[in-house]
K.L.:
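Before I ask anything, let me first share the structure, which is written out below as structure tokens.
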Amino acid sequence: MAESIVQDWLADYRRIQGQPAEVTTFAVEHETDPEIAEAIYTIFSERQRHETLVHEICQQFLSFYRASEDSLRKFPLQFIPVLIYTYLHAVAAGDKKGARSVETLLICIYNAEISTEDGGQHVVTFRMPILAQASVYHEEKNLPMTDLRRWEENCNREIKWGPHTQIEAITAQNRLRIMTALMFCYNQQVSLTQKSALIHLCRVASQLVNQGFSKQHAHRISYGSDSSGALVPKSITPRIPLSSSFLVELVHAIYFAMFNGFGTVAIQTLDDIHHRACFEMYTELILVTSAVRNSLHANPSGQPSDGPMGLSVALTPATNTVTTAISKSMITNASFRTKKLPDDIPIQVQDLTMPQAPPMLASVTEEVDPKDQQQTQNTSSRNSIIRPSMEGIKAQAHKALIAGFKKSKDKEKDKDKEKEKEKDGKIIGAGAAGEPPKPPLRKFEKHTQRNSLLQLQAEGNNIALTDFEKSPSSMGVKGKPYDSIDTTEMLPMQTLLANENGSGSFSIDSEINGGGGSSNMLNNSSVASNTNSITSSDLITKSFDSSIEMPQLVGPAGVGSSTKVGDVGID
Amino acid sequence: MAGRMRNTTKVEALIESCRSEGKWQRVIELTEELKTGSPNNECLANFLIGEAKLENYLEENAPIESNFAKAKSGLQDARRCLHLVTGESGQKAGIALDAYLLLAKLCYACGEYEKSLENFVKAELNTLAEKELTLRSLKILAESYAIKGLCLENQTSKPTSKFKKAEKEAEMITCFERATDLGLLYLQEQDIASYSSATNSAANAGSMLAINSTSNMGGLQSSLGGSSLTISTTIPANPLELKRHMGAILETALQRAPIVLIKAGKLQEAIERYRTMLNAIETKTTQSLRLTLARQLAEVLLRGVSGTIYTAPFTKKPTGQALRSTTTKRLWKPRKYAARNQFTPRNHHEETLLLLLISEALAVRDTVLSQSPEFRVARQHAMGNASAVYDLLTLATVRWGLVNMLQESFEKALKFSFGEQHVWRQYGISLMAAGKHAHALRVLQESIKLTPSDPLPCLMAARLCYESLALIKEGLDFAHQALKRETKGIRPTRSQLFVGIGYQQLAILTTLKSERDSYNKLALESLEKAVQNDDNDHLCEYYLSLQYALLGNIAEALTHVRFALALRTEHAPSLHLFALLLTASRRPREALAVVEDALDEFPDNLNLLHVKAHLQLHLQDAELSLVSVQKMLAIWRELYEGQVSVEEEKHSDTRSIVVHMNPTAVSSQMSDKDSNSVYAASLAAVSRVEQALSEAASSLSSFTPRPGPQRPWMIQIKIWLLLADAYLNIEQPHEALNCIQEASQIYPLSHQIMFMRGQIYLYLEQWNDAKQCFLNAVSANPNHTEALRALGETHHVLGEPRLAEKMLKDAARLDPNCPKIWFSLGKVMETLGDYTASADCMATALQLEPTCPVLPFTSIPLTFD
């Protein structure tokens with residue numbers, strides 16, 4: 001039956017070839033005829049019996065693909081999965097010759113698909129969207145800062161598919177890459193193919209991943225008795241080698257099928273692919289398959305069975321049934337807000353002279369519900385609960401009236417500042433309330449600590465220099481702030497160093513510091529270059545045996561580098 | 001009188017504001033007041049009471065099917081009141097229209113769709129002209145359209161003719177469309193209104209208190225709500241604290257509109273509807289709706305639209321609407337986002353990713369961090385929403401090699417994913433895919449705990465340990481754990497194989513003979529078992545063959561490698577092993593043929609090329625070998641130059657793109673190991689030493705380490721060394737020295753470079769220099785047997801037989817299967833006059849020689865493909 005249909009189909013087209021008018025009518029008729037595709041699928045599934053027919057079909061596909069009629073050209077594309085299966089199956093079974101015609105067809109389609117009409121290379125590119133830039137679907141100010149920050153890195157990134165190079169032959173090395181590209185092209189067109197082709201897609205995909213995994217295959221003749229080695233029986237079906245990226249493309253096709261009428265079959269196929277992925281440990285593929293599998297159960301994403309494309313109405317759950325008291329205390333991610341810090345903090349001397357700067361001005365503040373916040377703060381300021389809040393409201397309202405209802409970004413900032421001020425005022429007391437918000441101290445401390453550490457290192461290396469620095473002039477006011485640094489804030493290594501040297505016996509005068517440091521470096525590097533030439537193999541061996549980390553290894557060899565190592569250690 | 005009038009208008013104004021704020025209980029109270037104040041307002045009062053009762057009831061009982069029966073009795077009062085208004089007096093007062101609309105709503109709540117539709121006809125809903133409306137009217141109108149649409153959809157009586165059906169469908173779609181536009185507009189207006197009322201009421205708080213003591217609470221409450229509103233700028237700090245609900249009817253209609261279009265087969269229109277809805281400026285109430293819509297549009301794009309039928313959004317005026325839209329129509333449209341410099345997606349992928357990123361941000365924001373049991377339901381709901389977005393994001397990004405991005409997303413998700421096995425597992429796997437091995441291992445360990453019955457994370461961890469972290473013992477533990485978790489008989493897994501690989505690697509790494517023997521035994525047992533369990537797995541056969549090869553049983557090894565090749569003809573490591581096995585059975589020519597055939601299939605495989613070049617050297621074809629090495633250099637450039645030119649390894653996103661486009665690069669990159677070292681598996685450890693040494697070097701002199709990832713550079717070193725070897729073979733020591741120079745510019749302190757330099761000195765018969773070089777090499781890596789042997793031989797030449805004996809014995813202890821070491825040792829013993837020992841050594845060498853491969857079997861990199 002299928003055979004005769006295909007024979008007729010082959011003969012029909014052969015008859016009219018070269019007559020453009022007839023080809024057009026043929027194309028129109030062809031598009032509406034569902035029987036032919038089915039018949040071709042049947043032939044492919046019984047490839048062994050119809051070898052010549054398969055060959056002729058491939059030839060016809062090729063001429064279709066090169067035809068000027070658009071519908072004719074698209075026709076062979078829906079067979080890509082089945083062609084790939086046929087080909088890979090043959091290759092795995094060691095029957096490359098039998099699949100020559102399919103191979104040729106695939107190479108031709110590949111070479112055509114990766115190049116554009118005018119002979120250039122076909123490249124699919126897109127810009128990576130970033131949330132920091134407003135889009136037609138969102139305004140950046142309405143999203144949490146953390147998200148914006150994270151995507152800034154991706155700014156202006158271009159993601160590309162291709163360019164691919166033309167190929168002349170398929171080898172084991174490029175085989176799956178070519179198949180992946182072909183599947184990608186298939187996926188680009190998948191919504192144009194006849195829906196009935198999707199079931200064949202699922203069937204073929206299952207076969208691809210399952211072949212050789214069924215338990216029924218005949219047992220091999222036990223080796224060992226005869227070690228000539230040449231008796232691998234023919235009965236076993238070898239597994240088809242696949243690759244992660246190829247299967248990812250396949251999953252995309254299956255996913256399409258799943259939501260376009262073939263839910264049950266596609267889910268089964270997906271399971272098959274998932275098992276194969278787990279067996280081979282294709283990390284990227286496992287990511288995708290488990291994502292899809294997870295979205296299929298117990299998830300608002302919807303099953304293929306709920307409505308078109310698994311879409312259904314998902315009403316917000318009646319959160320208002322939860323009593324307000326509970327929902328107030330519930331912490332969500334939205335309860336936190338990150339404050340943007342200035343990129344760099346200028347060193348301000350007057351800040352340093354204020355030794356009792358509160359450590360509360362951490363870089364990230366947890367923003368609790370305003371009322372809660374007030375409550376906590378009020379415990380210290382001992383005000384009534386209502387008064388400050390009313391005041392706050394009035395201030396806000398006043399502001400809002402002036403500004404109208406426009407919500408500008410600047411205003412947001414103002415408010416933030418104002419709030420910060422409020423907080424500052426409460427913590428520090430009336431005196432400090434008028435001051436501008438302080439830069440977070442921690443970062444500054446870190447900065448100075450690093451300086452000091454460099455200094456310490458330099459001291460360790462050159463005692464004479466430190467003696468010079470210890471002179472009373474530099475011990476004055478400037479040294480003081482460092483004493484106030486809480487040692488618990490330091491990293492373990494730093495405290496260690498600090499303890500070794502006694503605390504606070506260094507200055508921040510950057511000129512001396514830098515000068516001392518660099519002269520040290522110079523001295524040391526000259527020493528180092530002397531030692532350099534000695535291939536101190538003993539030394540190296542020792543370090544290798546005891547597997548000691550770098551600083552110790554280099555320590556005796558070149559002092560110059562030790563400052564560097566230390567520096568890295570802090571960061 | 002005038003005072004009373006003023007009072008009445010004041011009350012009316014109050015009622016109006018309560019209506020728009022949905023305080024129905026208060027409306028009833030005020031209406032009673034109004035009634036007493038001016039009895040001629042009875043009609044209005046009836047309407048207000050009816051309305052209030054209806055809304056009040058619906059707030060507690062959502063208009064869903066299960067409530068229909070109950071609603072019929074519960075809404076009798078309201079129905080009566082509203083019916084009174086539809087009369088003449090209502091017409092006169094101009095509220096009959098509203099009454100009809102509310103009646104329709106009431107009917108819908110009772111499930112009386114036909115009646116509801118009749119009411120709409122009476123209200124002449126279709127003929128309404130667009131004009132400015134109060135907030136309340138806007139809501140009534142939006143809901144009316146929504147209800148009409150829903151009624152039409154749920155209508156039981158099927159239209160008879162095809163034409164009728166299409167007409168009805170068109171009407172339904174228009175209704176939904178209007179409902180969405182009006183609904184969004186209403187929500188936007190409501191936002192503005194609440195914003196202004198908050199500020200107003202805050203300003204007037206005092207006066208209101210004076211006027212009406214009962215409104216005290218309400219005023220205060222609204223002002224509090226208002227204050228939180230202004231403080232939290234445009235985003236509500238916590239969506240739950242703002243209790244406003246758009247109502248089930250509106251929400252259903254908003255979500256239903258595009259679905260109805262998809263059902264009608266109008267996919268493109270549905271997408272446009274989603275887009276218009278998402279393009280409307282968001283409000284506090286639409287937050288969760290926007291999440292749903294964004295996710296659904298992404299789903300539609302992923303599930304139903306392939307590249308070719310996609311049209312980008314907002315490129316042209318949507319034609320369907322442009323036809324109908326008149327100038328006045330604008331009044332009933334929601335406001336849209338209109339920032340300058342907006343990102344407008346140009347294609348399928350951009351739009352999908354943009355939507356998913358937005359929904360991720362929205363979903364993540366609402367996730368519940370509190371772990372206490374009373375929030376369990378809310379937490380699970382939020383988690384479900386978030387993980388749905390993550391799943392889609394996974395699907396959309398992995399294909400483009402954006403694993404790094406995905407992994408960052410999961411990292412963020414950990415904050416609210418305590419004990420969520422899916423998120424943890426996905427995070428671990430994404431880290432692994434992104435090449436962050438050590439981190440991945442930690443996460444997988446957590447995942448192992450969370451899924452106590454799944455062998456997969458154990459196996460992944462084992463693989464990480466073997467392949468990238470050089471933690472063989474730990475890997476073996478994971479493999480054992482996986483084996484324990486495995487359920488037999490369903491589908492084969494590789495747990496048993498992994499146990500075998502672990503033992504095999506341990507045996508290779510162990511220097512103590514007794515330990516090594518026991519590991520070898522265990523490895524062989526495990527691998528035999530693995531082959532039995534799954535006799536269709538080429539990898540099991542390959543490792544079994546390798547095990548036999550390592551044990552010196554070449555014949556068995558050949559058998560099994562043939563099985564492996566029968567199961568997978570084109571498996572590069574099997575072919576590699578096969579070639580080495582052939583050289584071990586004195587068939588180097590055949591081996592070369594095998595390698596050449598294999599290279600036809602894998603032209604870029606550096607491992608195979610390496611073997612080829614070595615074989616050619618071995619067969620005294622140094623010139624040909626030179627050609628091979630040159631090819632290797634060319635391939636290196638092709639595969640890795642792109643990688644190393646990338647500024648920093650940090651930007652490995654771009655690298656993964658490279659990887660994605662060129663999968664072979666990955667495999668050879670992943671698999672290329674230190675093939676000259678005895679410890680192929682311990683590359684990580686060795687290169688750590690080398691890394692340390694190169695850091696030392698960088699601090700010493702002008703040496704600057706090469707940029708980019710280190711592995712490609714290591715490969716290049718190996719190629720240079722091989723080239724030096726080839727030059728040495730054709731007696732061009734200067735060329736060889738140049739090669740060494742090139743190599744040492746990459747890593748001056750590599751033990752292999754030192755060894756090779758020594759070889760050149762050896763050739764030049766500069767014995768002392770050679771000795772120094774070998775000493776350096778041995779210092780850098782005391783387990784480098786070739787350097788040990790060369791050192792021994794040099795000592796021998798220099799007339800230091802005792803030292804030579806020591807070195808050679810060390811070498812023999814490390815690698816007892818190398819005939820060359822035994823032969824040299826034999827010669828040294830001969831010099832020392834210990835002839836029996838010498839004879840023993842020579843005999844051993846003779847015995848080993850036929851089964852010695854041209855390169856050690858351990859030079860084949862670990863493979864898992």
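To find a chain, count down the sequence lines: A is the first, B the second, and so on, and within it residues start at 1.
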K.L.:
Evaluate the criterion side-chain contact (heavy atoms from CB on, under 4.5 Å) for residue pair A:Arg239 and B:Asp537; output intermediate values, then yes/no.
P.N.:
CA-CA 8 Å; A:Arg239 291 168 188 173; B:Asp537 187 6; 3.6 Å; yes

K.L.:
Test B:Phe343 against A:Arg127 for side-chain contact (heavy atoms from CB on, under 4.5 Å), laying out the working first.
P.N.:
CA-CA 10 Å; B:Phe343 180 88; A:Arg127 301 161 297 163; 3.7 Å; yes

K.L.:
Given side-chain contact (heavy atoms from CB on, under 4.5 Å), test A:Met281 with B:Ile429 step by step and report yes or no.
P.N.:
CA-CA 10 Å; A:Met281 277 197 265; B:Ile429 299 173; over 6 Å; no

K.L.:
For chain B, find which of A:Met258, A:Glu280, A:His275 contributes the most heavy-atom pairs closer than 4.5 angstrom.
P.N.:
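Option with the top pair count is A:His275.
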
K.L.:
As an exercise, state the distance from CG of A:Leu287 to CG of B:Leu393, rounded to the nearest 0.5 Å.
P.N.:
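So the CG of A:Leu287 and the CG of B:Leu393 are separated by 11.0 Å.
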
K.L.:
Apply side-chain contact (heavy atoms from CB on, under 4.5 Å) to the pair A:Met128 and B:Leu402, showing each step before the final yes or no.
P.N.:
CA-CA 10 Å; A:Met128 185 72 209; B:Leu402 299 169; 4.1 Å; yes

K.L.:
Which value, rounded to the nearest 0.5 Å, describes the distance between A:Phe126 atom CZ and B:His349 atom NE2?
P.N.:
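The distance works out to 6.5 Å.
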
K.L.:
Measure the shortest side-chain to side-chain distance between A:Ile286 and B:Leu456 over non-hydrogen atoms and say whether it is less than 4.5 angstrom.
P.N.:
yes

K.L.:
Please identify, among A:Ala92, A:Ser244, A:Pro241, A:Ala93, the residue contributing the most non-hydrogen atom pairs under 4.5 Å to chain B.
P.N.:
A:Pro241

K.L.:
Let's go through B:Glu570 and A:Arg175 carefully: what are the C-alpha distance in whole Å and the side-chain angles of both, what is the deciding distance for salt bridge (Lys or Arg N to Asp or Glu O under 4.0 Å) to 0.1 Å, and is it a yes or a no?
P.N.:
CA-CA 11 Å; B:Glu570 288 155 343; A:Arg175 182 171 301 129; 2.6 Å; yes

K.L.:
Quick one: are A:Tyr137 and B:Pro313 in side-chain contact, heavy atoms under 4.5 Å?
P.N.:
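A:Tyr137 vs B:Pro313: side chains touch.
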
K.L.:
With a 4.5 angstrom heavy-atom cut-off, which part of B:Arg346 approaches chain A: side chain, backbone, both or neither?
P.N.:
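Both backbone and side chain.
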
K.L.:
Under 4.5 Å between any side-chain heavy atoms of A:Thr171 and B:Pro603, yes or no?
P.N.:
yes

K.L.:
Between A:Gln173 and B:Asn605, does any side-chain donor sit less than 3.5 Å from a side-chain acceptor?
P.N.:
no

K.L.:
Pick one of side chain, backbone, both or neither for A:Val248, based on which atoms fall under 4.5 Å of a heavy atom in chain B.
P.N.:
side chain

K.L.:
So for A:Asn260, is it side chain, backbone, both, or neither that comes closer than 4.5 Å to the heavy atoms of chain B?
P.N.:
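Side chain of A:Asn260 only, per the 4.5 Å heavy-atom cut-off to chain B.
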
K.L.:
To the nearest 0.5 Å, tell me how far A:Thr180 OG1 sits from B:Arg399 CZ.
P.N.:
11.5 Å

